[in-house]
A.B. asks: 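One structure follows; several queries about it will come next.
Everything quoted here is computed from the prediction, not taken from an experiment. The chain is numbered in sequence order, starting from 1.
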Amino acid sequence: MIQLRFTEEYLRSKENPHVRINKIFYTEKKYKEKLKSWDRELYAICRDRWSLSLKNNYVNENGEIYFYANQEKLAEYIGVSRKTVNESFKKLIELGLLEKETIKTEKGTTNIYYLCEIPEIADKNHNHVTD
């Protein structure tokens with residue numbers, strides 16, 4: 001079997017999607033200590049789904065992008081239990097990486113989620129803009 005090496009075209013191809021995990025999760029002490037690999041992966045997967053949220057017009061009146069999370073499907077996707085995904089969501093919320101909002105629907109209530117900028121990166125970007 002012939003091994004093919006990555007090319008720039010391959011890496012940029014939309015037919016070859018990949019999920020990117022921010023390096024700060026491995027370098028910043030609070031994330032290294034508090035996040036498990038599946039927590040990082042869950043954040044990256046949710047971030048990757050933004051294009052689908054935009055396509056479905058999941059944008060609030062402030063222009064903020066939200067998403068619905070089927071925790072069973074996410075658990076199956078990353079190979080962990082639903083309980084683990086639920087705990088990951090709680091941890092991401094605690095760290096300010098995710099926000100949850102409960103909204104009323106025709107069928108009752110449901111949760112929507114907003115991904116938040118990583119605080120250290122947001123602070124750095126904000127300070128850079130105002131300097």
A.B. asks: Mind checking whether Y68 and I112 have side chains closer than 4.5 Å, heavy atoms only?
C.D. replies: yes
A.B. asks: Does atom OH (Y77) have a neighbourhood of more than 12 heavy atoms from anything else shown, all under 6.0 Å?
C.D. replies: no
A.B. asks: Let me confirm one number: the CG-CD distance from L35 to E28, rounded to the nearest 0.5 Å.
C.D. replies: 11.0 Å
A.B. asks: Can you measure from CZ (F67) to SG (C46) and round to the nearest 0.5 angstrom?
C.D. replies: 3.5 Å
A.B. asks: Can a donor-acceptor pair be found between the side chains of N60 and Y114 at a distance below 3.5 Å?
C.D. replies: yes
A.B. asks: Please determine whether residues I118 and I45 belong to a single hydrophobic cluster, defined as Ile, Leu, Val, Met, Phe, Trp and Tyr linked transitively by side-chain heavy-atom distances below 4.5 Å.
C.D. replies: yes
A.B. asks: Quick one: pull up CD in E120 and OH in Y31 and give me the separation to the nearest 0.5 Å.
C.D. replies: 3.5 Å
A.B. asks: Can you name the residues that form a side-chain contact (heavy atoms from CB on, under 4.5 Å) with E72, not counting sequence neighbours?
C.D. replies: N70, R82
A.B. asks: First locate atom OG1 of T84, then atom CG of L74, and finally report the distance between them rounded to the nearest 0.5 Å.
C.D. replies: 12.5 Å
A.B. asks: Less than 3.5 Å apart, which donor and acceptor atoms pair up between the side chains of residues 95-108 and the rest of the protein, not counting sequence neighbours?
C.D. replies:
unit_1, atom_1, unit_2, atom_2, d
T102, OG1, N111, OD1, 2.9
T105, OG1, K107, N, 3.3
T105, OG1, G108, N, 3.4
T105, OG1, G108, O, 3.3

A.B. asks: Any pair with a residue in residues 41-70 that passes salt bridge (charged side-chain N to carboxylate O under 4.0 Å, His left out), sequence neighbours left out, goes on the list, sorted by first then second residue, please.
C.D. replies: none
A.B. asks: Which residue pairs pass the ring-ring contact (aromatic ring centres under 6.0 Å, His included) test when at least one of the two sits in residues 89-108, sequence neighbours left out?
C.D. replies: F89-Y113
A.B. asks: With rounding to the nearest 0.5 angstrom, report the CG to OG distance, L42 to S88.
C.D. replies: 5.5 Å
A.B. asks: Indicate, with yes or no, if V59 and Y66 share a hydrophobic cluster defined by side-chain heavy-atom contacts under 4.5 Å among Ile, Leu, Val, Met, Phe, Trp and Tyr.
C.D. replies: no
A.B. asks: Within a reach of under 6.0 Å around NZ of K30, are more than 12 heavy atoms found that belong to other residues, nucleotides or ligands?
C.D. replies: yes
A.B. asks: Quick one: pull up CD in E117 and CG in N22 and give me the separation to the nearest 0.5 Å.
C.D. replies: 11.0 Å
A.B. asks: Could I get the full list of side-chain contact (heavy atoms from CB on, under 4.5 Å) partners for K83, not counting sequence neighbours?
C.D. replies: S81, E87
A.B. asks: For the hydrophobic clusters of this structure (ILVMFWY residues joined by side-chain heavy atoms under 4.5 Å, transitively), does one cluster hold both L54 and L115?
C.D. replies: yes
A.B. asks: Quick one: does N56's side chain have a donor or acceptor within less than 3.5 Å of a partner on S53's backbone?
C.D. replies: no
A.B. asks: Would you mind listing every ring-ring contact (aromatic ring centres under 6.0 Å, His included) that reaches into residues 37-57, with sequence neighbours excluded?
C.D. replies: F25-Y43
